[in-house]
K.L.:
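Take a look at the following structure, please.
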Amino acid sequence: MAPTRAEPFNDSSALIDFVINQGNGVKGLSEMGLKALPRQYIQPLEERMCMINIKAQELIPIIDMSNPNDPEVVKLICEAASKWGFFQIINHDVPIEALENVIDATYKFFGLPAEVKNKYSKEHSSSNNVRFGTSFTPQAEKALEWKDYLSLFYVSEEEASALWPLACREQVLDFMRKSEVVIKQLLKMLMKGLNVNEIDETKESLLMGSMRTNLNYYPKCPNPELTVGVGRHSDVSTLTILLQDEIGGLFVRENNGDNWIHVPPIKGSLVINVGDALQIMSNGKYKSVEHRVVANGYNNRISVPIFVNPRPSDMIGPLPELIKDGEKPIYKQVLYSDYVKHFFRKGHDGKKTIAFAEL
């Protein structure tokens, strides 16, 4: 057989050196014009996307947020969170300009030379709160995922100004600031659905005490059918607010089924999903749902999620209001940072992380 340009990476250490140590990421592999996928990215058969299981006619809910105080909107949001775990919102309060700016800034960051991006890698970053990386947890994965990312954990404006990359700093901060009003609206509605009518300072801190934004870059891929952009998982957040570009590729598992549903890009919309922390705090009423991203052979794709989380030092468990009248808790109290560490210790494995908190 004629040799392919994947051959330089038959040796895993050469691939790890190029992709991780030198900071080229999968973007660097994609730009080499490889004709075949390096074997380290070939996923086991059961993890590849089977297009037979796609429910083409089904859509996750699309909810108009132009009147967030309308009881009907509250009802739709709570129903979507319990039935689907995923929904899209349109006519929300985040200006389209803030969305476009953060997409531009993501391209700008990933367009930087490898040696500049590499300054933010695990080995070189001056802070654990700023991390450039590739795949998910390369040292724990059986097969690598076709994705590069920049992860930014928000501590304060001062730290962000000092440590976040200049190429995207202001745009990400603006996106986070402008999203806060929508996050608070959504949490207020979701708490109302649990008969928690007041969000005091303590409760607000528990629901949204920390935030992380990722800039995700999925370069075009040789043999996309053999790999994944992101494997099956549910988020560990309270809520995730996702901005996706116009390319598409995000799929959500149908609740209680084996079928997958595509989340079509809608200009100006935000995709919202329930994370494990909210499933635990709602005592299972709201569901975090498995989702994944397919690799793409034709286009580069980006997405920008904001993960709205408890603080690392918070204990999470079913909210006291839910169990005070004798409702049986199905989750125990766990330290949120322990839950997150457990998630990152392994490769993506669907919804298995939630077992860590089950009674």
Side-chain angles (χ1 to χ4, degrees), residues 55 58-94 179-199 203-204 206-209 211 233-244 250-257 259-264 266 269-291 305-310 316-319 321-323 327 329-331 336 339 350-351 353-354 357:
K55 282 194 106 166
E58 195 119 32
L59 276 183
I60 66 162
I62 298 164
I63 300 171
D64 188 328
M65 288 273 287
S66 46
N67 186 1
N69 298 318
D70 182 345
E72 186 57 29
V73 176
V74 178
K75 181 168 163 263
L76 288 171
I77 297 274
C78 295
E79 277 176 1
S82 38
K83 183 187 172 194
W84 293 91
F86 257 84
F87 52 96
Q88 295 208 63
I89 57 171
I90 55 172
N91 299 324
H92 49 75
D93 284 335
V94 187
S179 298
E180 202 166 309
V181 61
V182 175
I183 291 163
K184 286 180 175 174
Q185 286 169 348
L186 291 168
L187 288 172
K188 189 177 171 189
M189 294 177 196
L190 290 164
M191 288 302 105
K192 203 170 267 187
L194 300 174
N195 296 316
V196 177
N197 293 316
E198 166 123 32
I199 300 183
K203 181 108 4 38
E204 183 175 295
L206 180 66
L207 293 166
M208 55 177 292
M211 288 197 202
H233 70 289
S234 58
D235 294 344
V236 292
S237 55
T238 304
L239 284 181
T240 302
I241 315 297
L242 175 80
L243 171 63
Q244 57 171 346
L250 171 65
F251 286 82
V252 174
R253 191 193 277 278
E254 185 183 34
N255 225 335
N256 308 318
N259 292 312
W260 291 86
I261 296 159
H262 186 232
V263 182
I266 298 170
S269 76
L270 291 168
V271 180
I272 312 296
N273 67 278
V274 172
D276 290 357
L278 185 56
Q279 177 168 326
I280 292 164
M281 288 190 268
S282 71
N283 204 30
K285 290 190 174 57
Y286 298 138
K287 308 282 190 304
S288 67
V289 178
E290 273 185 58
H291 51 288
I306 298 174
F307 300 105
V308 179
N309 310 306
I316 61 166
L319 293 170
E321 294 91 337
L322 299 182
I323 49 176
E327 184 180 317
I330 54 177
Y331 301 105
Y336 186 63
Y339 190 85
K351 273 206 68 165
T353 312
I354 202 94

K.L.:
Output the distance between atom CH2 (W84) and atom CD1 (I261), rounded to the nearest 0.5 Å.
P.N.:
4.0 Å

K.L.:
Would you say the side chain of L186 lies within less than 4.5 Å of the side chain of V308, judging by non-hydrogen atoms?
P.N.:
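They are not in contact (no side-chain heavy atoms under 4.5 Å apart), so the answer is no.
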
K.L.:
Taking ring pair (Phe, Tyr, Trp, His ring centres under 6.0 Å) as the definition, give me every residue that meets it alongside H92, ordered by chain and number, with sequence neighbours left out.
P.N.:
none

K.L.:
Passes side-chain contact (heavy atoms from CB on, under 4.5 Å), I272 versus I241? Steps please.
P.N.:
CA-CA 5 Å; I272 312 296; I241 315 297; 3.7 Å; yes

K.L.:
Which residue, L206, N283, L207, N195, forms the side-chain contact (heavy atoms from CB on, under 4.5 Å) with L319?
P.N.:
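The option that passes is L206.
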
K.L.:
Using the test side chain to side chain donor-acceptor pair (under 3.5 Å), find all partners of Q244 that sit at least two apart in sequence or belong to another chain.
P.N.:
R301

K.L.:
Main chain of H233, side chain of H291: is a donor-acceptor contact present, judged purely on distance under 3.5 Å?
P.N.:
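Answer holds: yes.
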
K.L.:
Taking ring pair (Phe, Tyr, Trp, His ring centres under 6.0 Å) as the definition, give me every residue that meets it alongside Y286, ordered by chain and number, with sequence neighbours left out.
P.N.:
none

K.L.:
To the nearest 0.5 Å, tell me how far L278 CG sits from N273 CG.
P.N.:
10.5 Å

K.L.:
Please name all residues satisfying salt bridge (Lys or Arg N to Asp or Glu O under 4.0 Å) with K83, sequence neighbours left out, ordered by chain then number.
P.N.:
none

K.L.:
Rounded to the nearest 0.5 Å, what separation is found between the CD1 atom of I280 and the OH atom of Y339?
P.N.:
4.5 Å

K.L.:
Once salt bridge (charged side-chain N to carboxylate O under 4.0 Å, His left out) is applied, what residue pairs with a partner in residues 185-194 remain, sequence neighbours excluded?
P.N.:
none

K.L.:
Is a donor on one side and an acceptor on the other found under 3.5 Å between the side chain of Q88 and the backbone of P264?
P.N.:
yes

K.L.:
Quick one: does K203's side chain get under 4.5 Å of E198's, heavy atoms only?
P.N.:
no

K.L.:
Only counting residues at least two apart or in another chain, list the ones meeting salt bridge (Lys or Arg N to Asp or Glu O under 4.0 Å) with K287.
P.N.:
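If we apply the salt bridge (Lys or Arg N to Asp or Glu O under 4.0 Å) test to K287, skipping adjacent residues, there are no hits.
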
